[in-house]
Visitor: 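Structure provided below as structure tokens; questions to follow.
Every number for a ligand or one of its atoms is a count from 1 in the order of the listing. Quick note: numbers below take in every heavy atom, side chains included, and nothing from hydrogens, waters or symmetry partners.
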Amino acid sequence: MSKICVVTGGSSGIGYALVSKFIEAGYQVFNLDIQGSQLGNYIECDVANVTQVKQAIAQIIEQTGKVDVLVSNAGIHLSANIENTNEELLDKVFAINVKGAYAATQAVLPVMQQQKSGSIIYIASDQALIAKTNSFAYNLSKHALASMAKTTALDYAAFNIRANALCPGTIETPLYHKAIDSYCLKSGADKKQIHHEEEQLQPLGRLGQPDEVAEYALFLASDKASFITGSLQVIDGGYTTA
Ligand code: NAD
């Protein structure tokens, strides 16, 4: 029987690449997203809604009997400093980026404990390690995911369940394009120029691609990474070393 992988937010960007990469590697992949997708087994699910996440994962376990890998990836970005982040916006970012990961983790842990195996990967960010300007709620949420990886790793190591946070730098996805579109709209800056400047900010001189993140996640999920747990794995073209 093929291994079972659950990906949240698998209909676009990094999530789409994750679904594609795990299918290629022989996994049966379930994608929990609010946006439909033809790739893998799509289940409509808002990760900000704990009940919906629990129902979706219960449905998968009923169908397959197990979950080998959870990649908690669904997330949104918000460009705002603390004064411009009202309570509603803060709650929204936390509901999707943090509570969604909490709900998915809670839902897979019982079956992973029975199996005495499992790999949980949180798609965090370089912003789990460093801060960036105008990114108050997002920075907080990604630091929270780093903590979730560490505490889950410690609490469930006895069950051979590994939990790690994957920390990508700037990756060229629809989220990235939305973020610079919104910046250009507010500032009147030229998108081509801003994109070029973003590339030049990366020591490797280019942005990362979703496929490169998915390849790393596939490694972390596999037995090749059997001694890696509670860690923050950086994939950022050198950005955080500069
Ligand atoms: P994206 O916007 O291209 O894709 C995000 C996916 O999440 C979409 O399919 C969207 O429908 C889904 N989603 C959003 N809200 C949801 C909800 N409430 N319930 C279920 N699904 C929901 O974004 P991306 O760039 O691929 O980002 C994926 C993850 O990687 C995010 O957690 C993001 O913070 C993280 N990340 C991205 C970058 C980057 O530069 N793109 C860098 C570091 C980390």
Visitor: Nearest non-hydrogen atom to atom 13 (N) of ligand 1 belongs to which of Ile171, Leu18, Asp33, Leu32?
Guide: Asp33
Visitor: What heavy-atom pair brings Val6 and Leu32 nearest, and what distance separates the two atoms?
Guide: CG1-CD1, 4.1 Å
Visitor: Is any side-chain heavy atom of Met148 less than 4.5 Å from a side-chain heavy atom of Tyr102?
Guide: yes
Visitor: Using heavy atoms and a threshold below 4.0 Å, how should the contact between Pro210 and ligand 1 be classified: side chain, backbone, both, or neither?
Guide: neither
Visitor: Are the aromatic ring centres of Tyr176 and His195 under 6.0 angstrom apart?
Guide: yes
Visitor: If we set the cut-off at 4.0 Å for heavy atoms, which region of Glu172 has an atom near ligand 1: side chain, backbone, both, or neither?
Guide: neither
Visitor: Please write down residue, atom name and distance for the protein heavy atom closest to atom 37 (C) of ligand 1.
Guide: Ile14 CD1, 3.7 Å
Visitor: Please work out, at 4.0 Å between heavy atoms, whether the side chain, the backbone, both, or neither of Tyr16 comes within that distance of ligand 1.
Guide: neither
Visitor: Relative to the heavy atoms of Asp46, which atoms of ligand 1 are at a distance of less than 4.0 Å?
Guide: 17 (C), 18 (N), 19 (N)
Visitor: For the side chain of Arg206 and the backbone of Gln200, is there at least one donor-acceptor N/O pair under 3.5 Å apart?
Guide: no
Visitor: Quick one: does Cys167 get within less than 4.0 Å of ligand 1, heavy atoms only?
Guide: no
Visitor: Under 4.0 Å, heavy-atom basis, I'd like to know which part of Val47 is in contact with ligand 1: side chain, backbone, both or neither.
Guide: both
Visitor: Got a sec: does the NZ of Lys92 have more than 12 other heavy atoms crowding it under 6.0 Å?
Guide: no
Visitor: Would you mind checking which non-hydrogen protein atom is closest to atom 2 (O) of ligand 1, with the distance to 0.1 Å?
Guide: Leu175 CB, 3.4 Å
Visitor: Any N or O of Ser125 that comes nearer than 3.5 Å to an N or O of ligand 1?
Guide: no
Visitor: Salt bridge check: are Lys132 and Asp126 linked by an N-O gap of less than 4.0 Å?
Guide: yes
Visitor: Please state which part of Ala95 comes within less than 4.0 Å of ligand 1, counting heavy atoms only: side chain, backbone, both or neither.
Guide: neither
